Amino acid sequence: MIVVLKNGVKEEKRAQLIEWLKDQGLGIHISQGEYQTVLGLIGDTTHVDMDLIASLEIVDSVKRVTEPFKCCNRKFHPEDTVVDVGGVKVGGGNFCMIAGPCSVESEEQIVSIARSVKAAGANMLRGGAFKPRTSPYDFQGMQADGIELLKIARQETGLPIVTEIMGVNHLPLFEDVDLIQVGARNMQNFDLLKELGKLHRPILLKRGLANTLKELLMSAEYIMAGGNEQVILCERGIRTFDDYTRNTLDLAAVPMLRELTHLPIIVDPSHATGIARLVPPMALSGTACGADGLIIEVHNDPMHALCDGAQSLRPEEYAALADKVRRIREVIAK
């Protein structure tokens with residue numbers, strides 16, 4: 001249920017209403033907009049008298065929300081959420097460019113790529129330290145050492161770092177990571193999501209390869225219900241019957257999510273296609289359809305990459321793409 005207050009309501013009266021609603025056993029999500037305040041009522045609202053609330057002098061309207069996701073629902077929070085990642089703003093008109101290798105391989109490699117992507121306009125550095133691989137025999141990442149190398153790259157370039165967490169037991173290693181990524185395979189790892197909800201730090205939540213938008217939003221709800229509202233959603237392709245590409249990039253998800261949620265939405269064309277030459281056109285398409293950013297894999301030697309070299313751009317290719325992305329953004333901003 002949402003309660004929309006009239007414009008210009010005195011703080012004292014608003015506080016009295018909020019306190020009364022809390023006494024009914026409800027959680028209150030407050031969204032303060034430029035012209036109105038929206039109170040999102042979280043919990044069992046079946047016993048709440050809508051007519052009584054609507055009759056109050058300070059209330060403009062009362063509506064029931066039928067969707068199961070509440071905290072991330074745009075009805076609860078009409079204004080776009082802006083997530084701050086180490087000084088880089090994402091959402092609300094702020095566009096982020098996240099780039100880097102699939103996996104951290106050495107200090108020389110990650111620092112070199114970090115410098116290259118920053119020069120091209122990237123404002124965050126991605127790099128896998130823990131790698132969830134389909135085969136147990138594939139490279140699993142440098143793990144804790146990889147995170148330390150990411151920190152060195154951040155110190156050298158100033159770029160906030162983005163890396164994926166695999167489980168709750170790894171949380172202590174991520175205390176100094178700017179943006180914690182929850183990968184597609186862990187999108188419904190609910191124990192992990194609950195713990196991330198307690199951190200009050202930015203989380204990048206990727207859509208599972210066979211999950212609906214509602215399921216993605218419900219996973220975001222797990223994090224937000226714990227008190228952490230700094231969530232960024234990522235469309236990274238879903239599995240369909242076609243096998244020419246690694247996955248199928250669902251670009252319709254971006255404008256659809258824009259209607260459903262106030263959270264920022266970025267696109268990952270690298271994992272969606274699995275083919276380097278397809279990354280640029282899909283990155284431009286993701287930009288054109290209104291995404292708040294892109295996360296793209298870049299490697300200085302894709303042929304010898306320990307992970308996902310086939311979908312990685314070379315630094316010079318990324319620089320050319322970044323320039324086109326800027327031009328697309330200029331067009332859609334008009």
Side-chain angles (χ1 to χ4, degrees), residues 83 85-86 98-107 109-110 113 124-154 160-211 215-216 218-226 228 230-239 246-247 266 268 270-272 274 295-297 299 305-309 311-312:
V83 176
V85 182
I98 307 171
C102 175
S103 63
V104 179
E105 299 170 6
S106 68
E107 180 178 338
Q109 174 241 21
I110 192 62
I113 295 174
M124 280 190 251
L125 173 67
R126 64 144 291 144
F130 292 87
K131 297 304 302 176
R133 306 300 298 278
T134 301
S135 169
Y137 308 112
D138 288 339
F139 176 60
Q140 303 290 311
M142 295 183 68
Q143 304 186 18
D145 290 338
I147 292 179
E148 293 306 312
L149 294 183
L150 282 169
K151 293 178 185 178
I152 292 174
R154 178 178 60 190
I161 55 176
V162 185
T163 194
E164 181 175 351
I165 190 168
M166 294 283 290
V168 174
N169 59 313
H170 294 151
L171 276 171
L173 299 173
F174 284 72
E175 290 180 355
D176 197 25
V177 171
D178 299 291
L179 179 59
I180 301 175
Q181 175 183 310
V182 177
R185 293 173 179 84
N186 269 315
M187 192 204 84
Q188 290 186 308
N189 182 341
F190 300 122
D191 287 339
L192 175 60
L193 299 179
K194 289 176 183 177
E195 290 302 313
L196 294 175
K198 301 173 184 177
L199 292 186
H200 305 288
R201 284 167 50 209
I203 307 298
L204 174 61
L205 179 64
K206 285 195 167 187
R207 182 183 181 183
L209 54 155
N211 289 106
E215 289 168 336
L216 171 62
M218 290 307 296
S219 290
E221 194 77 8
Y222 265 92
I223 300 171
M224 298 182 74
N228 186 356
Q230 301 178 77
V231 180
I232 301 169
L233 304 176
C234 180
E235 164 55 40
R236 47 79 69 202
I238 53 175
R239 180 163 293 172
R246 179 173 180 175
N247 294 290
I266 70 170
D268 177 353
S270 300
H271 284 91
I295 179 168
I296 295 174
E297 293 193 354
H299 199 286
L306 297 180
C307 178
D308 286 348
Q311 65 193 35
S312 299

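Model, not experiment: these values are computed from the prediction.
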Checklist outcome for this item: By side-chain contact (heavy atoms from CB on, under 4.5 Å), Asp178 pairs with (sequence neighbours left out) Val85, Arg154, Pro160, Ile161
Next on the checklist: With side-chain contact (heavy atoms from CB on, under 4.5 Å) as the criterion, how do Leu171 and Leu199 come out once you've worked through the C-alpha distance, each side chain's angles and the decisive distance to 0.1 Å?
Outcome noted: CA-CA 10 Å; Leu171 276 171; Leu199 292 186; 3.8 Å; yes
Checklist entry - So do Met166 and Arg185 actually touch side chain to side chain, heavy atoms under 4.5 Å? => result no
Item to check | Min side-chain heavy-atom separation Met218-Gln188 under 4.5 Å | outcome: no
Next on the checklist: Quick one: does any side-chain atom of Thr163 pair with a main-chain N or O of Gly127 as donor and acceptor, under 3.5 Å?
Outcome noted: yes
Next on the checklist: side-chain contact (heavy atoms from CB on, under 4.5 Å), that's the test. Do Leu192 and Val168 meet it? Break it down for me.
Outcome noted: CA-CA 5 Å; Leu192 175 60; Val168 174; 4.2 Å; yes
Checklist entry - Say you draw a straight line from CD1 of Ile223 to CZ of Phe190; how long is it, rounded to the nearest 0.5 Å? => result 11.0 Å
Next on the checklist: Test side-chain contact (heavy atoms from CB on, under 4.5 Å) on Arg207 and Leu233; report intermediate values, then the result.
Outcome noted: CA-CA 7 Å; Arg207 182 183 181 183; Leu233 304 176; over 6 Å; no
Checklist entry - What's the verdict on side-chain contact (heavy atoms from CB on, under 4.5 Å) for Ile295 and Cys234, showing C-alpha distance, side-chain angles and the deciding distance? => result CA-CA 9 Å; Ile295 179 168; Cys234 180; 4.1 Å; yes
Item to check | Straight-line distance of Lys206 NZ to His271 NE2, nearest 0.5 Å | outcome: 5.0 Å
Item to check | Under 3.5 Å donor-acceptor, Glu105 side chain and Ile110 backbone | outcome: no
Checklist entry - Does Gln109 use its side chain to pair, donor to acceptor, with the backbone of Ser103 at less than 3.5 Å? => result yes
Next on the checklist: How close do Gly309 and Ala305 get, counting heavy atoms only, and between which atoms?
Outcome noted: CA-CB, 3.8 Å
Checklist entry - When rounded to the nearest 0.5 angstrom, what distance separates CZ in Arg126 from CG in Leu204? => result 9.5 Å
Checklist entry - Only one of Asn189, Leu205, Leu193, Asn228 forms a side chain to side chain contact (heavy atoms under 4.5 Å, CB included) with Tyr222, so which one is it? => result Leu193
Checklist entry - Could you state the interatomic distance from CD (Gln181) to CZ (Arg236), rounded to the nearest 0.5 Å? => result 9.5 Å
Checklist entry - Picking from His170, Glu164, Arg201, what satisfies side chain to side chain contact (heavy atoms under 4.5 Å, CB included) with Ile180? => result Arg201
For residues 145-152, which side-chain donor-acceptor pairs fall under 3.5 Å, sequence neighbours excluded?
unit_1, atom_1, unit_2, atom_2, d
Glu148, OE2, Lys151, NZ, 3.3

Item to check | 4.5 Å side-chain heavy-atom contact, Lys131 and Cys102 | outcome: yes
Next on the checklist: Distance check, rounded to the nearest 0.5 Å: Asn247 atom CG versus Glu235 atom CD?
Outcome noted: 9.0 Å
Checklist entry - Okay, side chain of Ser312, backbone of His299: is any donor-acceptor separation there less than 3.5 Å? => result no
Item to check | Leu125 to Gly100 - nearest heavy-atom pair and separation | outcome: CD1-CA, 4.1 Å
Checklist entry - Distance from Ile113 atom CD1 to Glu297 atom CD, nearest 0.5 Å? => result 10.5 Å
